[in-house]
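Model, not experiment: these values are computed from the prediction.
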Amino acid sequence: MEKLTTNGLIWWQMKALTKNTTRVYIIIFLASLTSIQTYSQSFQPIGTINPNSYIPAQKEIAEGLDGMVTTQHFLATRVGKDILDEGGNSYDAAIAISFTLAVVLPRAGNIGGGGFMVMHDSETNKEYTIDYREKAPALSHKDMYLNKDGTFNSEQLSTFGNLSSGVPGTVAGLWEVHSRFGSLPWERLLSDAIFYAENGFPITPYLADMLIKYKDKLSSFSSTKNIFQTHYPDFKNKTLIQKDLGKTLRIISKKGRDGFYKGSVAAKIDSYMKENGGLITKKDLKSYMPVWRSPIKSSYRGVEIITMGPPSSGGIHIVQMLNILELHDLGKYKHNSSKYINLLTETMKYAYADRSKYLGDPDFYEVPIAKIIDKDYARKINSRIKVGQSTPSSEIKPGEVFDNESIETTHFSVVDKVGNIISSTYTLNSTFGSGVVVEGTGILMNNEMDDFSAAPGIPNQFGLLGAKANEIQPFKRPLSSMTPTIVMKDDELFFTTGSPGGSKIISAVLQSILNIVDFDMDLEETNNAIRIHHQWQPDRLQIETSLSENTKNDLLHLNYNIKIIEPATCLQTIMYKDNRYYGYGDYRRPDAFASGDIK
């Protein structure tokens, strides 16, 4: 084992013989493993933290000539870089990253969840999007979380335990992408994830704190506790090993999609669900299919926005808000001044109001996409927005001017030397999903059923309201806030963007676009800028970290209900400028890291 010191961090280089004798590099942040903070136990949906308590992996903007990888964990970034070094393309790297994150980022990376991927293919010069969101099991029904009198059951059935899980889509989605665009062998793309599962990886200070903070959730099921709480309460200098997950990944490596959705793994999921009150069956797993969908495209100040359509609500509402804001000269406002925050807040209210009523799975509900992203509709909304004034959320109704969600998620971006671009977001929903590991598989399951509307007017764990468009139905996909996005300029990449953060994903992605396009920020500046959020209901303006006294007083004068929050989002962004790629891992998730050191 060889020790190196670089940029104040201690790197350990470990040779590991994987299937193709790839060298695996394990980075241990010994410098910041000197103390572990203790948190009160909580089942809050997103593992928010004060990032100033950690040494971030990303010290400066990464640069590269032949590609870029940015993820929420430095080991996953290393895996993606190695795939590109071996001649793999962005699709190969994205698949390898996804499986690796399922191991090293258990709070969000997954094979027991689902997500979206937005792609630009250099060979065809076209954009593609794939929906591998979870689906409601066949035995689900719209009243499954309600009491007999129609009131919402308060026992956390939709957020915790076996009844909260939808049919996972991640493995099927990645298999589909590989079948269409992959170049390296499928087995190679899982080899690093298998290595880290079987041999373990160092628990970083941030992961340690998440394991402590969610001790109760991770201790409620023995199959989960035996993996994630064996070192409690002292995770310092400890390794997280997931032998059962390694076995499952080996089966998937050998048998592909069928290794998850058929055979012994599917049988274990089916049996565990039957014995423990879950709904997912072998038939549900066998019948699951991802969907290739048309991307949402629009223009904004000379750039092209390419993003995810329903059942993502993010893409539609990003375009809707950009259409409104394009009617304003944002350059005349100081960034994050009271007037700028006022304008963004009022714009967000209208978009999130529409989200509550009109968004759902397009296979079950006719989503009025064209109307919502119509620029004339934006003008009608804009006529009701006055800078210097605020409108109470109670006076804004969904679609009233029509003519007639971390979610604890993880996002990553990849670009290869020929220009294939990936912007991908996938999730278990809240931190560590349902808290359930299926016995004998190592698979941590999602709690995505909470993203449906349990009943009209009842908010989910992120405070988001929904309506009939997003009610529970068998085989239906729940609405999501995930917003993987690619921005093009003059027919080439300008930047990619995306984030975790539940309902705050949409507002974070919006502000990343505005920061770069309107305020000409570089990646470090746009990542470090304070973010705001308003989601219509509850009528509350949320602002990260801090606010100047003058700005706070100005906003209070406009009758805003202000709440200062810890960061809940984390942008993973790649920019192309002057024939170079730039990448940055957002400090809000301190293990995030970007690398452009592509050979």
* To do: Would you indicate whether the side-chain heavy atoms of K215 and M210 approach each other to under 4.5 Å?
  =>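 Not in contact.
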
* Asked: Do the non-hydrogen side-chain atoms of Y91 and H178 ever get within less than 4.5 Å of each other?
  -> no

Please report whether the ring centroid of [Y] lies less than 6.0 Å from that of [X].
X    : Y    : answer
H533 : Y352 : yes
F160 : F221 : yes
F99  : W186 : yes
Y145 : F452 : no

* To do: Go through the structure and list residues passing ring pair (Phe, Tyr, Trp, His ring centres under 6.0 Å) with F228, not counting sequence neighbours.
  =>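 Applying ring pair (Phe, Tyr, Trp, His ring centres under 6.0 Å) to F228 gives none.
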
* Applying the side-chain hydrogen bond (donor to acceptor under 3.5 Å, both in side chains) test to T485, which of T425, T307, T573 qualifies? ->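 Among the candidates, only T307 passes.
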
Less than 3.5 Å apart, any donor N or O on the side chain of [X] or [Y] sitting next to an acceptor on the other?
X    : Y    : value
S158 : D450 : yes
R293 : T129 : no
R188 : S191 : yes
T100 : D192 : no
N446 : N429 : no

* Asked: Step by step, would you call Y377 with D354 a side-chain hydrogen bond (donor to acceptor under 3.5 Å, both in side chains)?
  -> CA-CA 12 Å; Y377 181 44; D354 283 349; 2.6 Å; yes

* To do: Tell me, please, whether W292 has R180 positioned over its six-membered ring: NZ or CZ under 6.0 Å from the ring centre and within 45 degrees of its axis?
  =>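 Checked: cation-pi criterion met.
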
* Any salt bridge (Lys or Arg N to Asp or Glu O under 4.0 Å) involving residues 274-284? Give me the pairs, sequence neighbours left out, ordered by first then second residue. =>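 Those involving residues 274-284 are D270-K274.
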
* Under 4.0 Å between a Lys/Arg side-chain N and an Asp/Glu carboxylate O for E448 and R133? -> yes

* **Step-by-step side-chain contact (heavy atoms from CB on, under 4.5 Å) determination, M308 to I316** => CA-CA 8 Å; M308 191 75 206; I316 283 181; over 6 Å; no

* Could you tell me whether K247 atom NZ has more than 12 heavy atoms of other residues or ligands within 6.0 Å of it? => no

* To do: Taking side chain to side chain donor-acceptor pair (under 3.5 Å) as the test, write out the residues that go with S393, two or more places apart.
  => D539

* To do: Take L279 and L163, measure what side-chain contact (heavy atoms from CB on, under 4.5 Å) needs, and give me the verdict at the end.
  => CA-CA 6 Å; L279 300 181; L163 199 61; 3.7 Å; yes

* To do: Determine, stepwise, if the pair S503 / S481 fulfils side-chain hydrogen bond (donor to acceptor under 3.5 Å, both in side chains).
  => CA-CA 6 Å; S503 55; S481 296; 6.0 Å; no

* What do the steps show when you test F116 against S480 for side-chain contact (heavy atoms from CB on, under 4.5 Å), and what is the final call? -> CA-CA 10 Å; F116 304 126; S480 172; 3.6 Å; yes

